[in-house]
Amino acid sequence: MLTKAPRGTKDILPAEVPQWRFFEEKAREACRLFGYSEIRIPMFEHTELFLRGVGEVTDIVAKEMYTFTDKGGRSLTLRPEGTASVARAYLEHKMQGEAQPVKVFYTGPMFRYDRPQAGRYRQFHQFGVEAFGSQEPALDAEVVMLALFFLQSLGLDKLTLHLNSVGCPECRSRYRESLRAALRGKVKELCPDCGERYEKNPLRILDCKNERCQAVTKEAPLLADELCNGCREHFAAVRAALDALGVAYVLNPRLVRGLDYYTKTAFEIMAPGLGAQSSICGGGRYDHLVATIGGPDIPGIGFAIGIERVLLALAAAGSGGAEAAAPDVFVATAGVTPAEALPYVMELRKAGLAAEMDFLNRSLKAQLKLADKKGIRYVVLLGEAELQAGQATVKDMQSGMQEAVSLGGLCAYLAERLKEEN
RNA sequence: GUGGAUGUAGCUCAGUUGGUCAGAGCACCAGAUUGUGGCUCUGGGGGUCGUGGGUUCGAGUCCCAUCAUCCACCCCA
């Protein structure tokens, strides 16, 4: 146990960090272009925030939260998602007083007590954006575009965008009843899960994968046909905006998001190669979330992208990804101790060169092997003979050529050679 | 939370119906070249066979439990 990370968690090892940095750089760049600023929110919040914000009947809240009591007796919860926290921060810092919309993004770990599976972890990471203070359909389109623009900038194509409108509280509750009415006599034909959903959240019956359930709901009314005028117009405007941008999407009237706060626009982006976890991005509008947690009725829209899943999708797409840059120089020694070599290594570093050396008293041969394995282009050989002559031998590992350089001019010489390289 | 598969060196895997079964390749270290890498050859270190019980004269090899991973469901990123 001591030597194993807890279930559903994992180390991100040095070899994979370049890919994470690649992801984060592209995310920052996309957000800069779209005008979203970074916000850093706490890793845990008052449990109440998620109960109210995400919704008590959602699976996330009902069975997946990491909740604990701190020494002051407070009930706290490791954040299972970011939107509720950002809404809280918006309220707490009175951002309704700033120029609207307020557009922010975040990245970081989220925690859900799920059963782990490929592309699903108990501690996973999300990159998300939120925009508060506007109901403008063009903003919905911008948010969708940001997600697509970013994912494409990573090199992902073959993405599928699913789009739907889940309406507002008024038309949704009206629809909920007409759906219940339509299914009234058929509840027994549904799977056990859907039997429960019939009572608690009948909309979810629509995207049940069970074939029998799908057959039963085939003739059921669709929310898209029962939206109120406001929601219908909004949805039409969002689609028109996306059409004008030339974005391809699938209208999926059965797309129902699992969090209570969603209203109107709901969307999801899928990528191939991830098995059952094909959803890499989920988002939508949440026009009453801020009001739900006790603030003014301020609309918002956002999305969250699962970093692990995107990285898996990139690997599946054969997009090799980034590699760590090799150091510039390896200082090898012969008849000189590591302690004696270190000052010379430091000189190189002070001159801005990434310099490595051996700390295991390896033979010269082994040191060259090491330098080769690390992909280092230049080796500086410090031997007794060189030091006596006030020189070092510089070897170019690519050509095999070597040259004597005076110790005083070493940094300048190497800097020059490295500059030629690129 | 439900169902199924898997778990042998750092990695990928062999290991017959339980009796030299603790192995191979790659990786790592060293030598062949008393101060020089990438190829080749030789040698070496490393595993309580996930863990804990049980059956047996004897168990990676059978049984049970447990943990973990993977797949599907649930749900979601």
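Letters A, B, ... mirror the listed sequences (proteins, then strands); counts begin at 1. All values below were derived from every heavy atom in this structure, side-chain atoms included, with hydrogens, water molecules and symmetry-related copies excluded.
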Q: Could you check how far CG of A/Leu255 sits from P of B/A77, rounded to whole Å?
A: 11 Å
Q: Looking at every strand, decide which applies to A/Gly375 at a 4.0 Å heavy-atom threshold: base, sugar-phosphate, or nothing.
A: nothing
Q. How far, in whole Å, is B/U61 from B/A14 if one measures between their C1' atoms?
A. 13 Å
(Q) If you assign each of A/Gly119 and A/Gly8 to its closest nucleotide in RNA chain B, which residue comes earlier from the 5' end? (A) A/Gly8
**Q.** Sugar-phosphate, base or nothing in reach of A/Ile280, heavy atoms under 4.0 Å
**A.** sugar-phosphate
Do any N or O atoms of the protein come closer than 3.5 Å to N or O atoms of nucleotides 38-44 of chain B, and which pairs are they?
unit_1, atom_1, unit_2, atom_2, d
B/G38, O4', A/Asp372, OD2, 3.4

Q) Between A/Leu151 (CG) and B/A77 (C1'), how many Å, whole number? A) 12 Å
Q. Between the side chains of A/Glu48 and A/Ser75, does any donor sit under 3.5 Å from an acceptor?
A. no
**Q.** Distance below 4.0 Å between A/Arg7 side-chain N/O and B/U69 OP1 or OP2
**A.** yes
**Q.** Row check, A/Tyr378 ring normal vs A/Lys395 NZ/CZ: under 6.0 Å, within 45°
**A.** no
(Q) If you assign each of A/Lys63 and A/Arg115 to its closest nucleotide in RNA chain B, which residue comes earlier from the 5' end? (A) A/Arg115
Q. Quantified in whole Å, what is the C1' atom distance between nucleotide B/U42 and nucleotide B/U20?
A. 26 Å
Q. B/A24 and B/G15: how far apart are their C1' atoms, nearest whole angstrom?
A. 11 Å
Q) What nucleotide, of B/A77, B/U69, B/G35, holds the atom closest to the side chain of A/Ser279? A) B/A77
Q.
For B/A72, give the paired nucleotide (Watson-Crick: N1-N3 plus N6-O4 or O6-N4; G-U: N1-O2 and O6-N3; both under 3.5 Å), or none.
A. B/U2
Q: Please check if any side-chain donor atom of A/Glu130 sits under 3.5 Å from a side-chain acceptor atom of A/Tyr36, or the reverse.
A: no
Q: Have a look at A/Leu381 and say if it touches a base, only the backbone sugar-phosphate, or nothing, with a 4.0 Å heavy-atom cut-off.
A: base
Q: Using the six-membered ring of A/Tyr113, assess whether NZ or CZ of A/Arg122 lies under 6.0 Å from its centre and within 45 degrees of the ring axis.
A: yes
Q.
Please report the distance separating the C1' of B/A77 from the corresponding atom of B/G4, rounded so that it comes out in whole Å.
A. 25 Å
Q. With sugar-phosphate meaning primed atoms plus P, OP1 and OP2, does A/Ala118 contact a base, only sugar-phosphate, or nothing at under 4.0 Å between heavy atoms?
A. sugar-phosphate
Q.
If only side-chain N and O atoms count, and only distance matters, is there a donor-acceptor pair under 3.5 Å linking A/Tyr413 with A/Glu403?
A. yes
Q) What interatomic distance, in whole Å, is found between P of B/C21 and the corresponding atom of B/U17? A) 15 Å
Q: State the pairing partner of B/G45; accept Watson-Crick or G-U wobble contacts with both distances under 3.5 Å, and report none otherwise.
A: none
Q: Counting Watson-Crick and G-U wobble pairs only, both distances under 3.5 Å, name the nucleotide matched with B/A59, or none.
A: none
Q. Going by atom types only, do A/Gln391 and A/Ser406 share a side-chain donor-acceptor pair under 3.5 Å?
A. no
Q: Under 4.0 Å between any heavy atoms, over every strand shown, what does A/Gln117 touch: base, sugar-phosphate, or nothing? Just pick one.
A: base
Q.
I'd like the C1' distance from B/G18 over to B/C62, given in whole Å.
A. 7 Å
Q | Quiz item: cation-pi between A/Arg239 and A/Phe235, 6.0 Å / 45° | A | yes
(Q) At 4.0 Å (heavy atoms only), tell me whether A/Ala332 reaches a base, stays on the sugar-phosphate, or touches nothing. (A) nothing
**Q.** C1' spacing across the pair B/U33 / B/G45, given as an integer number of angstrom
**A.** 24 Å
Q: Using only heavy-atom distances, decide whether a donor-acceptor pair under 3.5 angstrom links the side-chain of A/Arg362 to the base of B/C29.
A: no
Q: Look at all strands and tell whether A/Gly128 reaches a base, only sugar-phosphate, or nothing, counting heavy atoms closer than 4.0 Å.
A: nothing
Q: Could you please name the partner base of B/U20, counting Watson-Crick and G-U wobble pairs only when both distances are under 3.5 Å?
A: none
(Q) Would you measure the distance from the P atom in B/U51 across to the matching atom in B/G7 and give it in whole Å? (A) 13 Å
Q) What is the nucleic acid contact for A/Glu386, judged by heavy atoms within less than 4.0 Å: base, sugar-phosphate only, or nothing? A) base
**Q.** Who pairs with B/G7 - Watson-Crick or G-U, where each distance is under 3.5 Å
**A.** B/C67
Q: Mind checking A/Gln402 for me? I need base, sugar-phosphate or nothing, with any heavy atom below 4.0 Å counting as a touch.
A: base
**Q.** Check: A/Thr67/A/Thr77 side-chain N/O donor and acceptor closer than 3.5 Å
**A.** yes
Q.
For the residue pair A/His234 / A/Gln135, report whether a side-chain donor-acceptor contact shorter than 3.5 Å exists.
A. no
Q) If anything within 90° of 0 is syn and all else is anti, what is B/G25? A) anti
